[in-house]
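Just below is one structure, and these are the notes that go with it.
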Amino acid sequence: RKEVEQDPGPFNVPEGATVAFNCTYSNSASQSFFWYRQDCRKEPKLLMSVYSSGNEDGRFTAQLNRASQYISLLIRDSKLSDSATYLCGQAGTALIFGKGTTLSVSS
Amino acid sequence: DAGVIQSPRHEVTEMGQEVTLRCKPISGHDYLFWYRQTMMRGLELLIYFNNNVPIDDSGMPEDRFSAKMPNASFSTLKIQPSEPRDSAVYFCASSFSVTGVDGYTFGSGTRLTVV
C-alpha cells in the first residue's frame, strides 16, 4: 500500500468554482505535510506547508485531520491558471508524494 | 540563485547503454534528493544525501542504479545497463532540511527514454 494516496481526478471545474482535494497518509508519526503544484512537463513547486491544524494563503486553504489521517486542499474562486497537478507530500524522513490530483479549470 | 540545475534535459538511449544524469544543488542546501516520476508510479524517492553522504537508498530499484555525490555541488545518478522500463522523468531536488520545512527545490528534470 502506497504511503500517500490521492484521487487522480481529473477534476474539471468552471472558473470561479470552489474545489477540494483530499490526500490520505499512512505514517501517523509524520509531523509535516505539504502541497506541491506541478504544471505539465515541469517540476513540482511548493504551494503550501501544512502544520498542526492547517494553513491559509489567499484562495488556498490546507487542513490536516490527524484522527482520520488525511489532509485537504481547498481552492476558492478557481482561475484558469490553477489548472495543474497537485501533489500531496508527507515528511517521514524525506518527502514521500502521492501520485497527484489533476485539476482543469475551464472558462 | 540559478536553482537546482540538471543535465541533460532529454536523453534517448538504447537498451543496454550506460546513462548518467547530473545535478547541481542550490549552494548551501545540505540535502540532495533523487526522484523518478512515471504515470504509473508517480513521484518516487530513489535516494537522498546529507552533506554528501548517502542516507537512504532504499528506493533505488536495483543494482543497475547507483548514485554519488563527490562534493557539495555535484551529484550523479547512473543506470548501467539501462532498460526500457527505466524510461521516466528523473528529478533532483535540494533542501536545507530533510523534512522540507522550507520546501524542496526541484530541478527541471531529465526526461529519459530507453529504446
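Here is the naming used below: chain letters follow the sequence lines, and residue numbers restart at 1 for every chain. As a basis for the values below, the full set of heavy atoms in this structure was taken, side chains included, without hydrogen atoms, waters or symmetry mates.
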Do you know the tightest heavy-atom contact between [X] and [Y]?
X: Gly3(B); Y: Ile26(B); value: C-CG1, 3.6 Å
X: Pro54(B); Y: Phe49(B); value: N-CD2, 3.4 Å
X: Leu46(B); Y: Pro61(B); value: CD2-CD, 4.1 Å

### Query
Which residues in residues 64-92 of chain B have any heavy atom lying under 4.5 Å from a heavy atom of chain A?
Phe91(B)

### Close approach to chain A in residues 103-115 of chain B, criterion heavy atom under 4.5 Å
Gly103(B), Tyr104(B), Phe106(B), Gly107(B), Ser108(B), Arg111(B)

Main-chain N/O of [Y] paired with [X] side-chain donor or acceptor, under 3.5 Å:
X: Ser95(B); Y: Ser97(B); value: yes
X: Gln90(A); Y: Asn27(A); value: yes
X: Gln69(A); Y: Tyr25(A); value: yes

#### Entry: Contacts of residues 79-87 of chain A with chain B (heavy atom under 4.5 Å)
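The stretch touches chain B at Leu87(A).
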
### Message
Does anything in residues 33-41 of chain A reach chain B? List residues with heavy atoms under 4.5 Å apart, or say none.
### Response
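Within residues 33-41 of chain A, the residues under 4.5 Å from chain B are Phe34(A), Tyr36(A), Gln38(A), Arg41(A).
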
Do [X] and [Y] make a side-chain contact, defined as non-hydrogen atoms from C-beta onward lying under 4.5 Å apart?
X: Glu11(B); Y: Val19(B); result: yes
X: Leu73(A); Y: Thr61(A); result: no
X: Ile75(A); Y: Phe21(A); result: yes
X: Arg76(A); Y: Thr18(A); result: yes
X: Cys88(A); Y: Gln6(A); result: yes

### Query
Which one of Ala94(A), Gly100(A), Gly89(A) has the most heavy-atom pairs closer than 4.5 Å to chain B?
Ala94(A)

#### Entry: Option in Pro8(A), Pro44(A), Ser30(A) with maximal non-hydrogen atom pairs under 4.5 Å from chain B
Pro44(A)

### Query
Which answer fits Ser49(A), side chain, backbone, both or neither, if we ask what part of it has an atom under 4.5 Å from a heavy atom of chain B?
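Side chain only.
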
### Query
Taking atom CD of Glu14(B) as the centre, does the number of heavy atoms from other residues, nucleotides or ligands within less than 6.0 Å exceed 12?
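It does not: Glu14(B) CD has 12 such atoms or fewer within range.
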
### Message
Report which part of Tyr35(B) has an atom under 4.5 Å of a heavy atom belonging to chain A: side chain, backbone, both, or neither.
### Response
side chain

